[in-house]
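Below: the structure, in structure tokens.
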Amino acid sequence: MKLICYFSGGYPDFESADRLAHAYADAGVDTLEIDFPSRNPFVDAPYIQQRMKKALEHCDDLDKYLEAVAQIKSELPDNTILLTIYESSILEIGVEKFCAFCRENDLLDVIVTGLTGSDVKDALIAGGIRVSCYVPFDLPETDVELALSSNGFCYLQAVPTQAQTNAKHPDLASCINYLRSRGLKNPIYCGVGVHSPKEAKMVRDAGADGVFVGSAVLKLTDDLPAMTELIGKFKAVC
């Protein structure tokens, strides 16, 4: 199972983000999930919003973020890079330009947030980009159908909230088996609520292809020894 860890692109500056990418890779992370800052990150929690704001204060030219990601990709050819980007940032860069950049740098898997319709997603797919589809734990039929029609991986919620119940599929393994029984062929990566190796092991045992780890690691980036140790514990259960 792939270990996927997130960090904020360009935060607090490009050099620091580049060093963090290398630290992640050295610690055992398989896939680096790198976000692009947004001028209106309305989907994200305040913690991430503040990181994006600080990155943009350092540099507000999104082309420079493209260059920084390309540099990380060239320096870490054995790691997969997954881009997370707001629709508004793609539009600011230009859809065709963004697609060309992704193809040229073999960055074909993208999570698009803040979608206001299907036009940008459809244009990315037409441009050869694999766009992920998020499916909540309670498996709403609309989201399941979108995942089945998507060309990218399925981002399945790993841990439900108290309000999310599904009597037919009460655990993650059952959710994954259901999606496979519906014909889902794309990889299933699980995240949200994975805060410890215990939850990561649950994701692995459920049959997922990858696990997202976000804040648990991200909040240790100022303490590299502790961060490296924690990543190692996550990697051991993958």
Side-chain angles (χ1 to χ4, degrees), residues 1-6 29-33 35 43-45 48 80-87 107-126 128-217 233-238:
M1 182 177 72
K2 293 181 179 180
L3 175 59
I4 308 164
C5 289
Y6 164 94
V29 174
D30 300 298
T31 298
L32 310 177
E33 181 191 358
D35 76 5
V43 173
D44 286 289
I48 299 299
T80 302
I81 292 178
L82 168 63
L83 299 180
T84 296
I85 185 168
Y86 273 78
E87 177 188 73
L107 301 167
L108 300 181
D109 290 295
V110 175
I111 298 173
V112 183
T113 55
L115 281 168
T116 58
S118 63
D119 289 351
V120 170
K121 177 182 177 180
D122 291 344
L124 293 176
I125 292 173
I129 309 305
R130 296 187 293 261
V131 181
S132 72
C133 185
Y134 181 75
V135 177
F137 188 90
D138 50 355
L139 303 174
E141 180 60 23
T142 300
D143 295 299
V144 171
E145 290 179 357
L146 286 172
L148 292 173
S149 64
S150 177
N151 69 337
F153 67 86
C154 172
Y155 190 150
L156 177 62
Q157 183 179 355
V159 179
T161 65
Q162 290 185 345
Q164 291 172 310
T165 58
N166 189 333
K168 291 184 178 180
H169 307 290
D171 55 39
L172 186 62
S174 180
C175 292
I176 291 174
N177 289 337
Y178 173 72
L179 291 172
R180 293 302 187 203
S181 74
R182 290 286 302 271
L184 183 65
K185 304 296 185 184
N186 294 332
I188 298 176
Y189 301 154
C190 298
V192 181
V194 180
H195 301 302
S196 73
K198 179 181 178 180
E199 284 107 9
K201 182 179 182 300
M202 179 273 295
V203 171
R204 182 200 68 189
D205 293 345
D209 300 294
V211 61
F212 285 94
V213 179
S215 60
V217 168
K233 291 178 179 178
F234 275 107
K235 182 64 176 176
V237 300
C238 289

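All values below were derived from every heavy atom in this structure, side-chain atoms included, with hydrogens, water molecules and symmetry-related copies excluded. All values reported here derive from a predicted model rather than from experimental measurement.
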Taking it one step at a time, do Tyr189 and Phe212 satisfy side chain to side chain contact (heavy atoms under 4.5 Å, CB included)?
-> CA-CA 7 Å; Tyr189 301 154; Phe212 285 94; 3.4 Å; yes

Which value, rounded to the nearest 0.5 Å, describes the distance between Ile4 atom CD1 and Ile81 atom CD1?
-> 13.0 Å

Shortest non-hydrogen contact from Leu82 toward Ile111 = CD2-CD1, 3.8 Å

Atom CD1 in Ile48, atom CG in Asp35: separation rounded to 0.5 Å?
-> 6.5 Å

Taking Asn186 for its side chain and Gly152 for its backbone only, find out whether a donor-acceptor pair lies under 3.5 Å.
-> yes

Could you tell me whether the side chain of Ser174 and the main chain of Asp171 form a donor-acceptor pair under 3.5 Å?
-> no

Rounded to the nearest 0.5 Å, how far apart are CD1 of Ile125 and CG of Asn151?
-> 4.5 Å

For Glu145 and Thr142, indicate whether the former's side chain and the latter's backbone hold a donor-acceptor pair under 3.5 Å.
-> no

Can you list every pair that meets salt bridge (charged side-chain N to carboxylate O under 4.0 Å, His left out) and has a residue in residues 172-197, with sequence neighbours left out?
-> Glu141-Arg182, Arg180-Asp209

Out of curiosity, Phe234 CZ to Lys198 NZ, how far, rounded to the nearest 0.5 Å?
-> 13.0 Å

Considering non-hydrogen atoms only, spot the tightest contact between Leu184 and Ala147 and give its length.
-> CD1-O, 3.6 Å

Got a donor-acceptor contact below 3.5 angstrom from the Gln157 side chain to the Phe137 backbone?
-> yes

For the pair Tyr134 and Tyr155, name the ring-plane relationship: parallel under 30°, tilted 30 to 60°, perpendicular over 60°.
-> perpendicular

Any chance you could lay out the side chain to side chain donor-acceptor pair (under 3.5 Å) test for Thr116 and Glu87, step after step, and finish with the verdict?
-> CA-CA 8 Å; Thr116 58; Glu87 177 188 73; 2.7 Å; yes

Residues which pass side-chain contact (heavy atoms from CB on, under 4.5 Å) with Thr80, listed by chain and number, not counting sequence neighbours | Thr31

Taking Ser181 for the side chain and Tyr178 for the main chain, is one N or O donor matched with an acceptor at less than 3.5 Å?
-> yes

May I ask you to decide if Val131's main-chain N or O and Ser150's side chain share a donor-acceptor pair within less than 3.5 Å?
-> yes

In Å and rounded to the nearest 0.5 Å, what is the CZ to SG distance from Arg204 to Cys190?
-> 13.5 Å

Would a distance-only check, ignoring hydrogens and angles, find a side-chain to backbone donor-acceptor pair under 3.5 Å from Asn166 to Asp138?
-> yes

Any sub-3.5 Å donor-acceptor pair from Glu199's side-chain atoms to His195's backbone N or O?
-> yes

For Asp109 and Phe153, indicate whether the former's side chain and the latter's backbone hold a donor-acceptor pair under 3.5 Å.
-> no

Under the side-chain contact (heavy atoms from CB on, under 4.5 Å) rule, collect the residues that match up with Val43, sequence neighbours excluded.
-> Tyr86

